[in-house]
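Working notes for the structure below.
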Amino acid sequence: MSKSKEILRGAEIFVRALKDEGVEYIFGYPGGAVLHIYDALFKQEEVQHILTRHEQGAAHAADGYARATGKTGVVLVTSGPGATNIVTGIATAHMDSIPMVVFTGQVATHMIGNDTFQEVDAVGITRPCVKHNFLVNDVSELAATVKKAFHIAHSGRPGPVLVDLPKDITAESCVYEYPSSLDMRSYKPAIKGHPRQIKKAVDMILSARKPMLYSGGGVVLGEASEELTAFTRKLGYPITNTLMGLGAYPATDRQFIGMLGMHGTYEANMAMHHCDVLVAIGARFDDRVTGELEKFCPYAKIVHIDVDPSSIAKNVAVDIPIVGDVKHVLADMIKALKENKNRIDKAALKDWWQQIKEWQDTDCLRFDRKTEVIKPQYVVEKLYELTKGDAYVTSDVGQHQMWAAQFYKFDKPRRWINSGGLGTMGFGLPAAFGVQLALPDETVCCITGEASLVMCIQELSTCLQYGTPVKIINLNNGYMGMVRQWQEFFYDSRYSHSYFEALPDFVKLAESFGHVGMRVEKTADVEGALKEALAMKDRLVLMDFITDKTENVYPMIAAGKGQNEMHLTSERELA
Amino acid sequence: MRHILSLLLENESGALSRVAGLFSARAFNIESLTVAVTEDPTISRMTIVTSGSDEIIEQITKQLNKLVDVVKVVDLNESNHIERELMLIKVSAEGDAREEVKRLVDIFRGRIIDVTEKTYTIEMTGSGDKLDAFIEALNTKLIREVVRTGVSGIGRGDKAITI
Ligand SMILES: Cc1ncc(C[n+]2csc(CCOP(=O)(O)OP(=O)(O)O)c2C)c(N)n1
């Protein structure tokens, strides 16, 4: 693509570079330091700017967009408070390895360091929570820096990259040339796994008598669902997904035994505890998964596949590490499986499945279906049925998030969108907005709690402006439910500051933002209300479900406990 | 165990703070850190002295490698290597001490590089242990100021760490 060389101003170079990078949406909020850029955006039509109501909303919206589509989310904010307001959004993306490029305005280069109006050291503040960041010092480096930022954000283990743009740089001119390729000597992510390691791993996997597959968000990010499914079906082994990995393997498949971890299923956690070979695929042995490390998988030999070498042997010692892109590695493993002469011990595998069936018979997700007061689990279950498991579901943080993960069965990747790593309340609504913008014809639901929802409630206004008909399922228990649950269990029910003395009328609140509001108070009305809301294809509906105030999330592994020490419910203490 | 890590990294303004920030954010030990540009003006060489179990050193190495500005990380402990540190030290040198300090400097093969009526300024290079030993050998009352650079390290033999 060699064009005649044009001389452009920095702000125009910026916009052209985004266009050449194929960016369709940029989520942002203007301010003094980025006014040249906003002027350049005004004069073109290819890159669409989406105006949120708060910079945090812009970051989460770009993040939701990225999680649903696999493309890189793009954010533009001003210097100073604009930059500090997106830190939560950047850290959220960083913890979940989401590809995102964030542009922050900065005061002019000669003013940096003078405590200038709206100056903060954005590069310094964000350094610990980005994959990489840049301060552009010279307009001649601008286009190449944009290119690098996108390359780094999207390749290897993805993550957010921040580019700080001093105002004078956006005013100066130079020849525009967008590099068509990049070669960075200091950044070369691994792709292929080592063949010898793969061979060794396959030998070990075939020798298992109580095998277990455990896959995480890496499979979603690495677009490796198909390979994971083929690999798992070929083996006939049980599989569990992490909170971030849900949907990477079809939840309705008989080999899937549910999510694992603190609020995972009894069968998944017991199978982890008792397995003799564990294959971790694009998962990072997070503390919410492992429980007490000393007690984690005591009998297992472990194979770990990950694109990031630093994920391997970080928390848990591994017998066979394989560093590589999970899609490539799984494809090679399937090939190696076919070539391997060893056979699975069918009888042992049958016994293992029999044992798992027994664990499954505890019916660990059972809840009381006969109450008039609405059980939150029931709402999620009905939503799942009515959307046929095909909706994109975002969530916030708390009990509702766990119920969404437990009761909505995701058969496809990228449909379950939540802040698993940082656990950011306020993520759900702006993320749902970003998803709906990217996928206007899909059903997008945000399963949230009243405390989380109000944290970024202002984005209801953005949803009206861009006509995104998100369905908000507010599981309103009046409490910060997850906090209340911990206070009940571990602080003798001293509910310190986890109850709201005053909450808005969510129906009126929705209406005041120009949307539809509904209140549902009885179990018998849940299904009808959901149907009615889902039928409103072009309206945002905020559904306020008044749920059981004191329902708890079960099963649960308490802090310091092993995977075989789950509480089933307050009445049913098993294991 | 104590390890000496050698890094090649992009000579960019933020690179040092990325490395330093990594050590504090992940609660890794850092005994000393030295850095300067190499014969190639785009590349800096850094020597980090740290300590920890094998698992921790493995994590440190992996995390350093993950930094986008870092081109190469070598654990010098994995083969024979040489370490040197430079120390500048100002001591009182009056009366009997004047001769005594001079003798000690000779024994340790240091050099006196600045002299006043009351003081000597001494330059000394060597391993960290040697510099420690010199400080130990001096009468502490004589020491006025100690400046140490931290360790620089290089592998023995004809192999070189390059990009
Ligand atoms: C920004 C932020 N602040 C605080 C927390 C700690 N926290 C975790 S869950 C929770 C309560 C959430 O309440 P709600 O949104 O009503 O959901 P519920 O648990 O009731 O379903 C809190 C305060 C958090 N995760 N994020």
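Every chain is numbered from 1, with letters handed out A, B, ... down the list of sequences.
For Val70(B), the part lying under 4.5 angstrom from a heavy atom of chain A is the backbone only. For a residue to count as touching a neighbouring chain, one of its non-hydrogen atoms must lie under 4.5 Å from one of that chain's; by this rule Arg185(A) touches chain B with backbone and side chain alike. Residue contact with chain B, scored on non-hydrogen atoms closer than 4.5 Å, involves the backbone and the side chain of Ile312(A) alike. Proximity to chain B is limited to the side chain of Asp308(A), based on heavy atoms less than 4.5 angstrom apart.
Interface summary for chain A: among Asn65(B), Leu22(B), Leu8(B), Ile43(B), the most heavy-atom pairs under 4.5 angstrom belong to Ile43(B). Interface check for chain A: of the options Val71(B), Thr61(B), Val68(B), the most heavy-atom pairs under 4.5 Å are formed by Val68(B).
In this structure, NE2 in His132(A) is found 9.0 Å from CG in Leu67(B), a value given to the nearest 0.5 Å. To the nearest 0.5 Å, atom NZ of residue Lys66(B) and atom OG of residue Ser311(A) are 6.0 Å apart.
In Arg109(B), the CZ atom is not crowded: 12 or fewer heavy atoms of neighbouring residues, nucleotides or ligands sit closer than 6.0 Å. Surrounding CD1 of Ile191(A) are at most 12 heavy atoms belonging to other residues, nucleotides or ligands under 6.0 Å away. Residue Lys102(B) qualifies as open at atom NZ: its count of foreign heavy atoms under 6.0 Å is 12 or below. The number of heavy-atom neighbours closer than 6.0 Å to CG of Asn114(A), taken from other residues, nucleotides and ligands shown, is above 12. Taking a 6.0 Å sphere around CD of Glu177(A), one finds it holds 12 or fewer heavy atoms contributed by other residues, nucleotides or ligands. Atom NZ of Lys188(A) has more than 12 heavy atoms from other residues, nucleotides or ligands within 6.0 Å. Heavy-atom contacts from other residues, nucleotides or ligands closer than 6.0 Å to CZ of Arg98(B) number more than 12.
Residue Lys314(A) is tested with Glu55(B), Glu58(B), Gln59(B), Lys62(B) for a side-chain contact (heavy atoms from CB on, under 4.5 Å); the sole match is Gln59(B).
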